2 protein chains.
Amino acid sequence: MSDVPTITTIAQRAGVSIASVSRVLNGLPTRAETESRVMSAARELGYVPNSAARSLKSRRSNQVGFAIADIGNPVYLAMIREIQPLLKAAGYRLVLHSTNVDAADEIDVLRGLGERYVDGLIMIPLRVTGEHLKMFAAARAPIVIIGSVPEGTPVDNVRTDSRKGVRLAVEHLHQLGRRRIGFVNGPLDTVPGAARSAAYAEALAGLGLPYDPDLVEVGDFYRPEGARAAARLIGRVPDLDALLCANDLIALGALDVLRRERRRVPEEVAVASMDDTDLATVAWPPLTSVSLGSAERGRAAAELLLDRLAHGDRAPRVVTVEPRLVIRASTVGEEGP
Amino acid sequence: MSDVPTITTIAQRAGVSIASVSRVLNGLPTRAETESRVMSAARELGYVPNSAARSLKSRRSNQVGFAIADIGNPVYLAMIREIQPLLKAAGYRLVLHSTNVDAADEIDVLRGLGERYVDGLIMIPLRVTGEHLKMFAAARAPIVIIGSVPEGTPVDNVRTDSRKGVRLAVEHLHQLGRRRIGFVNGPLDTVPGAARSAAYAEALAGLGLPYDPDLVEVGDFYRPEGARAAARLIGRVPDLDALLCANDLIALGALDVLRRERRRVPEEVAVASMDDTDLATVAWPPLTSVSLGSAERGRAAAELLLDRLAHGDRAPRVVTVEPRLVIRASTVGEEGP
DNA sequence: ATCGCTCCTGTAAACGTTTACCACTTCTGA
DNA sequence: TCAGAAGTGGTAAACGTTTACAGGAGCGAT
């Protein structure tokens with residue numbers, strides 16, 4: 001294969017200057033003959049513009065980053081499915097960063113913004129440290145954060161009212177007559193863990209139920225540890241009649257345990273969870289789960305970013321997505337909806 | 001915010017030339033004093049190298065593309081989970097292309113290789129057209145294809161013996177005494193659809209079972225259509241005693257239908273599928289599924305690509321991953337393994 | 001014929017790096 | 001003391017684009 005053709009090659013072949021070539025290729029007004037000479041030279045050579053050179057000159061990479069803790073979690077998947085087509089339609093490529101649940105890795109991604117290989121970033125930080133805030137403020141490219149950030153942080157923000165989401169689930173279980181409502185949470189030093197922990201206590205208080213620390217167990221956000229945490233909880237509180245899990249993966253683990261222990265769901269223990277991922281409809285019984293609008297959040301984040309990329313500066317905006325309880329058999333049994 | 005610092009800014013501040021700055025930043029031998037002056041200037045300015053300029057000069061983007069038909073399918077997810085860390089460890093970013101099950105979109109991605117925004121590409125084409133082959137041959141960056149390509153195609157290739165995979169499943173069902181083994185497949189004009197179709201017929205022949213076209217139903221590779229196809233099949237062949245599904249999503253749809261029709265699984269109808277994604281262990285009953293080694297294939301593809309990126313030209317290589325039958329309750333019941 | 005206008009195109013600079021080449025300094029060994 | 005080697009750093013070119021600027025052709029109006 002000979003050398004890769006550049007506009008210089010085209011210019012020689014067409015007998016014009018590189019400026020004319022560039023103008024033709026970018027659709028600027030040109031004499032018809034010049035245009036056709038350039039176009040056919042380009043076609044014959046199989047010319048494709050070099051994106052590095054174009055980026056260098058134009059100061060735009062046409063790429064957007066999406067940084068998540070772990071692709072394994074289907075919540076993020078639902079978001080990517082919304083984000084990717086939107087970006088593509090707007091002419092951006094998607095650069096995926098999976099940060100392995102590692103805050104230092106997240107900081108690295110933020111620092112990487114300085115390299116300008118992306119024009120903007122959507123990030124779902126698992127925890128927001130002071131370091132994060134410093135990087136947000138110093139960032140040289142627009143950032144959209146999915147999850148909560150402190151007031152006044154100079155980034156666009158898409159959040160969900162997870163407090164209300166937890167309340168919806170707890171009230172639902174309460175309405176079904178359950179009074180010993182256990183809670184299996186993820187790490188308390190993560191954004192969702194902390195929020196759900198507070199919300200659980202608040203929801204109980206709102207219903208006049210006592211907060212019993214024995215009813216709470218903390219693990220991580222994945223199925224195997226979810227199963228272990230649920231087992232600890234059930235072992236400790238045999239008269240448990242409902243279980244709220246901080247996400248669907250934890251709930252799958254809990255279902256595994258309940259099945260092993262031959263506790264009927266929902267007759268003996270009703271199970272509800274959060275995120276309403278695809279897994280909720282795959283599990284048996286299908287999981288009652290609080291939808292935190294993952295798809296909507298993904299879409300909103302992409303729209304915020306694209307808007308900012310297109311229209312430049314404006315005040316940071318906050319979009320809030322309403323949670324929605326999706327009732328399935330794991331709380332109401334098969335005769336349910 | 002003032003202007004973004006470049007090596008020129010640093011050079012001025014440190015009182016040296018840009019060449020020295022570049023040398024220091026790249027760790028080339030330099031006098032200690034120069035080095036420290038440059039380093040502190042860089043630190044004070046918060047310098048971050050510009051990736052477009054670096055790419056332009058070095059002719060490497062430090063990015064690798066991964067093109068799949070649809071992120072929704074958990075098979076691809078398993079692959080990304082292997083690929084991403086490997087690439088990251090080698091200093092490459094991952095650019096994700098979801099092509100919406102659209103061959104023209106795939107061609108676009110291949111054409112995009114000419115832009116040189118990635119140093120290499122891993123692709124899972126849903127069908128391999130002549131156009132694909134032409135692009136493979138003309139590609140200006142290394143390509144790894146997951147799935148089968150014709151002999152002699154100048155790309156690295158990771159494949160799995162899906163023929164054998166289907167045989168494993170059919171033989172398993174046969175061994176369980178099933179004789180009316182239905183097959184729900186995806187589109188026949190896709191690589192996996194065609195391969196599995198042929199393999200199913202072959203496996204039956206190998207067992208001396210007749211091939212009955214009534215036992216085969218074609219839909220797409222997703223759950224809703226999987227359910228519809230399974231319903232058609234069951235309606236047409238009431239004495240069906242086993243169902244092989246071309247992937248896990250189809251099987252989930254089939255389970256939905258069987259549950260609705262109150263056919264016990266596996267007592268009345270044994271269900272087996274292919275891909276062995278996470279969903280297989282979430283479903284109820286857990287799905288017997290043929291693992292086509294998605295994780296291994298992802299890892300192998302990443303390793304092939306990284307090897308080629310590091311060591312340049314060599315003959316195209318083919319890696320084959322052995323399928324493995326994972327037996328669960330959907331064929332052998334709960335007393336199973 | 002000259003002027004001014006429009007339209008087109010070429011020259012050259014710029015984007016931010018890396019690196020070949022050369023000049024200068026310092027050191028080593030006879 | 002001096003030749004030569006080794007070490008160090010500056011100048012400038014190059015990567016492949018886009019684009020400001022200016023020059024030239026063509027044309028209608030004076």
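Chain identifiers are assigned alphabetically (A, B, ...) following the order of the sequence lines, protein sequences preceding nucleic acid strands; residue numbering begins at 1 within each chain. No experiment lies behind these values; they were computed from the predicted model shown.
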If you only use heavy atoms from C-beta on, which nucleotide in [options] is closest to the side chain of [X]?
{"X": "Lys57(B)", "options": "dC15(D), dT18(D), dG10(C)", "value": "dC15(D)"}
{"X": "Tyr47(B)", "options": "dG10(D), dT17(C), dG10(C)", "value": "dT17(C)"}
{"X": "Ala19(A)", "options": "dG16(C), dT11(C), dA20(C)", "value": "dT11(C)"}
{"X": "Ser22(A)", "options": "dT18(D), dT17(D), dG10(C)", "value": "dT18(D)"}
{"X": "Arg31(A)", "options": "dC8(C), dT17(D), dG16(C)", "value": "dC8(C)"}
{"X": "Ile18(A)", "options": "dT17(C), dG10(D), dA12(C)", "value": "dA12(C)"}

Phosphate oxygens OP1/OP2 of [N]: is one of them under 4.0 Å from a side-chain N or O of [X]?
{"X": "Asn26(A)", "N": "dT18(D)", "result": "yes"}
{"X": "Arg54(A)", "N": "dG16(D)", "result": "no"}
{"X": "Arg59(B)", "N": "dG16(D)", "result": "yes"}

Distance, rounded to the nearest Å, where [X] contributes [atom1] and [N] contributes [atom2]:
{"X": "Ile7(A)", "N": "dA12(C)", "atom1": "CD1", "atom2": "P", "result": "15 Å"}
{"X": "Tyr117(B)", "N": "dG16(D)", "atom1": "OH", "atom2": "C1'", "result": "18 Å"}
{"X": "Leu28(B)", "N": "dT8(D)", "atom1": "CG", "atom2": "P", "result": "12 Å"}

Position toward the 5' end of DNA chain D (nearest nucleotide), Leu25(A) or Gly15(B):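 Closer to the 5' end of DNA chain D: Gly15(B).
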Most 5' of Glu33(B) and Leu56(B) on DNA chain D, judged by nearest nucleotide: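 Mapping each residue to its closest nucleotide by heavy atoms, the 5'-most match is Glu33(B).
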Thr153(A) side chain to Val155(A) backbone, donor-acceptor under 3.5 Å: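 A pair under 3.5 Å: no.
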Would you mind classifying the nucleic acid contact of [X] as base, sugar-phosphate or nothing, using non-hydrogen atoms under 4.0 angstrom?
{"X": "Arg23(A)", "answer": "base"}
{"X": "Ser20(A)", "answer": "sugar-phosphate"}
{"X": "Ser55(B)", "answer": "nothing"}
{"X": "Pro29(B)", "answer": "nothing"}
{"X": "Thr6(A)", "answer": "sugar-phosphate"}

Lys134(B)/Glu131(B) ion pair, N-O < 4.0 Å: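 Salt bridge flag = yes for Glu131(B) with Lys134(B).
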Side-chain ion pair, Asp156(A) and Arg314(A), N-O less than 4.0 Å: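 Counted as a salt bridge, because a side-chain N and a carboxylate O are separated by less than 4.0 Å.
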Test item: Ile122(B) and Met79(B) side chains (from C-beta on) under 4.5 Å apart, heavy atoms: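 When only atoms from C-beta onward are counted, Met79(B) and Ile122(B) do not touch, as no gap falls below 4.5 Å.
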Arg297(A): which of Val319(A), Ile124(A), Val75(A) passes side-chain contact (heavy atoms from CB on, under 4.5 Å):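 That would be Val75(A); it is the only one of Val319(A), Ile124(A), Val75(A) passing the side-chain contact (heavy atoms from CB on, under 4.5 Å) with Arg297(A).
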